[in-house]
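Chain identifiers are assigned alphabetically (A, B, ...) following the order of the sequence lines, protein sequences preceding nucleic acid strands; residue numbering begins at 1 within each chain. Please read these numbers as outputs of a predicted model, since none were measured by experiment.
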Number of protein chains: 2
Amino acid sequence: MRSAVLTIGNLSKATGTKVETIRYYERIGLLAAPARTAGNYRAYGKTELGRLSFIRRARELGFGIDQIRALLSLSEKKRRSCKAIDEIAREHLEHVDRKISDLVMLREVLHTTIQECSRGTVATCRIIEALSPVGQNR
Amino acid sequence: MRSAVLTIGNLSKATGTKVETIRYYERIGLLAAPARTAGNYRAYGKTELGRLSFIRRARELGFGIDQIRALLSLSEKKRRSCKAIDEIAREHLEHVDRKISDLVMLREVLHTTIQECSRGTVATCRIIEALSPVGQNR
DNA sequence: ACTGCACCCTGTAGCCACTACAGGGTCAAG
DNA sequence: CTTGACCCTGTAGTGGCTACAGGGTGCAGT
């Protein structure tokens with residue numbers, strides 16, 4: 001039993017990817033079009049399983065499709081320096097850092113606003129007041 | 001000079017919203033269709049300026065369109081309790097909190113992975129290794 | 001009166017990364 | 001030989017815009 005053939009459903013379960021998503025990855029060229037069975041079913045092997053697992057892990061880490069494309073292509077050039085890979089990862093880390101600090105600032109404003117809410121009527125609600133332009137709040 | 005009439009471009013500048021976005025808000029019913037001039041230009045007044053400012057502030061705080069719809073409708077019922085408003089805001093705060101903690105966890109994994117990178121060749125790159133399924137990394 | 005330009009109009013398509021059908025075909029178990 | 005789980009293609013929808021294309025309007029300068 002060498003490298004069983006996987007249907008799209010098997011591959012889906014094995015990688016935790018929805019069937020539609022796998023077909024989507026094929027459509028956008030992230031996965032190559034696989035061999036087909038007599039009944040026109042997609043037939044996947046270990047190679048595709050590996051590639052899809054890689055993609056999923058990278059997605060979980062928040063990499064974008066184009067970044068993953070680059071990572072995949074770089075990962076095949078084993079003897080090259082991994083400088084380019086490092087750069088993609090660092091760029092992404094910076095992106096995540098920026099996103100976190102944006103959200104933390106937003107959270108502060110939101111939290112403060114909610115804290116100030118008097119639990120009274122809408123007319124005196126500080127949340128609405130915070131959103132309303134000056135002098136429009138009556 | 002009582003409440004000058006604003007063109008869509010004026011409203012755009014006054015609120016920092018792109019013209020296309022204003023038209024989009026109209027299309028989805030977040031802004032009412034305004035009066036028109038003889039030449040079929042949209043003619044806005046203070047009311048719309050106020051409403052759009054409100055929407056923009058809420059968007060900056062990350063509220064979704066449907067939440068803003070609810071906030072706008074609630075904000076008109078001045079004598080009601082602001083409980084429902086408080087709830088929307090709290091729900092959104094929770095959402096933001098969850099997003100932050102997800103991103104912080106992700107950041108940790110990413111950061112650790114990058115730290116481990118030996119700056120050698122792709123074959124020994126820890127970033128690629130972290131993404132590769134077990135036993136696929138050679 | 002004419003020209004040029006900035007602005008406005010509608011309608012449609014694109015972005016990201018999927019997700020969700022509709023309307024059919026295939027395959028294995030009972 | 002039927003049932004039901006799976007598979008196929010193709011298209012449209014999600015959120016919240018953004019970007020055209022292909023036209024019309026308004027006003028300042030000449």
Side-chain angles (χ1 to χ4, degrees), chain A residues 4-31 33-44 48 51-52 54-72 91-92 95-96 99 102-103 106, chain B residues 4-31 33-44 48 52 54-72 88 91-92 95-96 99 102-103 106:
Chain A
V5 166
L6 296 161
T7 63
I8 198 168
N10 298 147
L11 187 62
S12 165
K13 266 166 220 151
T15 60
T17 315
K18 296 206 171 168
V19 167
E20 287 93 340
T21 305
I22 298 173
R23 286 197 282 248
Y24 167 72
Y25 287 162
E26 184 182 324
R27 206 161 58 245
I28 63 169
L30 199 56
L31 289 175
R36 296 288 181 132
T37 66
N40 201 31
Y41 284 17
R42 283 169 182 82
Y44 296 100
E48 285 101 335
R51 194 174 169 98
L52 184 54
F54 185 101
I55 293 168
R56 285 274 99 190
R57 266 166 235 228
R59 284 294 299 132
E60 271 166 32
L61 288 177
F63 286 98
I65 297 288
D66 282 347
Q67 288 178 313
I68 295 174
R69 244 184 256 274
L71 288 175
L72 278 165
E91 204 178 283
H92 181 49
H95 180 74
V96 172
K99 216 162 173 181
D102 286 355
L103 279 178
L106 191 153
Chain B
V5 166
L6 296 160
T7 63
I8 199 169
N10 298 148
L11 188 62
S12 164
K13 267 168 219 148
T15 60
T17 315
K18 295 206 172 168
V19 167
E20 287 93 341
T21 305
I22 299 174
R23 287 198 281 249
Y24 167 72
Y25 287 162
E26 184 182 324
R27 204 161 58 244
I28 63 169
L30 198 56
L31 289 175
R36 298 287 183 131
T37 66
N40 201 32
Y41 284 17
R42 282 169 183 83
Y44 296 100
E48 284 100 335
L52 184 53
F54 184 103
I55 292 168
R56 286 275 100 190
R57 268 167 235 227
R59 284 296 297 133
E60 272 167 32
L61 288 176
F63 286 98
I65 298 288
D66 282 347
Q67 288 178 313
I68 296 173
R69 244 185 255 275
L71 287 174
L72 279 165
I88 292 171
E91 202 179 286
H92 180 48
H95 180 75
V96 172
K99 214 163 175 180
D102 286 356
L103 279 178
L106 191 153

A.B. asks: For B:E26, check salt bridge (charged side-chain N to carboxylate O under 4.0 Å, His left out) against everything at least two apart and list the hits.
C.D. replies: B:R42
A.B. asks: Considering residues at least two apart in sequence or located in another chain, which fulfil the side chain to side chain contact (heavy atoms under 4.5 Å, CB included) criterion with B:K13?
C.D. replies: none
A.B. asks: List for me each residue that meets ring-ring contact (aromatic ring centres under 6.0 Å, His included) alongside B:Y24, sequence neighbours excluded, and say none if there are none.
C.D. replies: none
A.B. asks: Listed by chain and number, what are the side chain to side chain contact (heavy atoms under 4.5 Å, CB included) partners of B:S12, not counting sequence neighbours?
C.D. replies: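 Applying side chain to side chain contact (heavy atoms under 4.5 Å, CB included) to B:S12 gives B:V19, B:I22.
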A.B. asks: Taking only N and O in the side chain of A:K18, is any of them less than 4.0 Å away from OP1 or OP2 of C:dA17?
C.D. replies: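 Negative; the distance criterion is not met.
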A.B. asks: I need the CD1-P distance between B:I68 and D:dC17, as an integer number of Å.
C.D. replies: 8 Å
A.B. asks: Can you build the contact string for nucleotides 1-16 of chain D? Use B for base contact, S for sugar-phosphate-only contact, and - for no protein heavy atom under 4.0 Å.
C.D. replies: -----BSSB------B
A.B. asks: Residues two or more places apart in sequence or in another chain: which of them pass side chain to side chain contact (heavy atoms under 4.5 Å, CB included) with B:Q67?
C.D. replies: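 B:Q67 satisfies side chain to side chain contact (heavy atoms under 4.5 Å, CB included) with B:F63, B:I88, B:E91, B:H92 only.
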A.B. asks: Which residue, A:T21 or A:T37, contacts DNA chain C at a nucleotide closer to its 5' end, judged by nearest heavy atom?
C.D. replies: A:T21
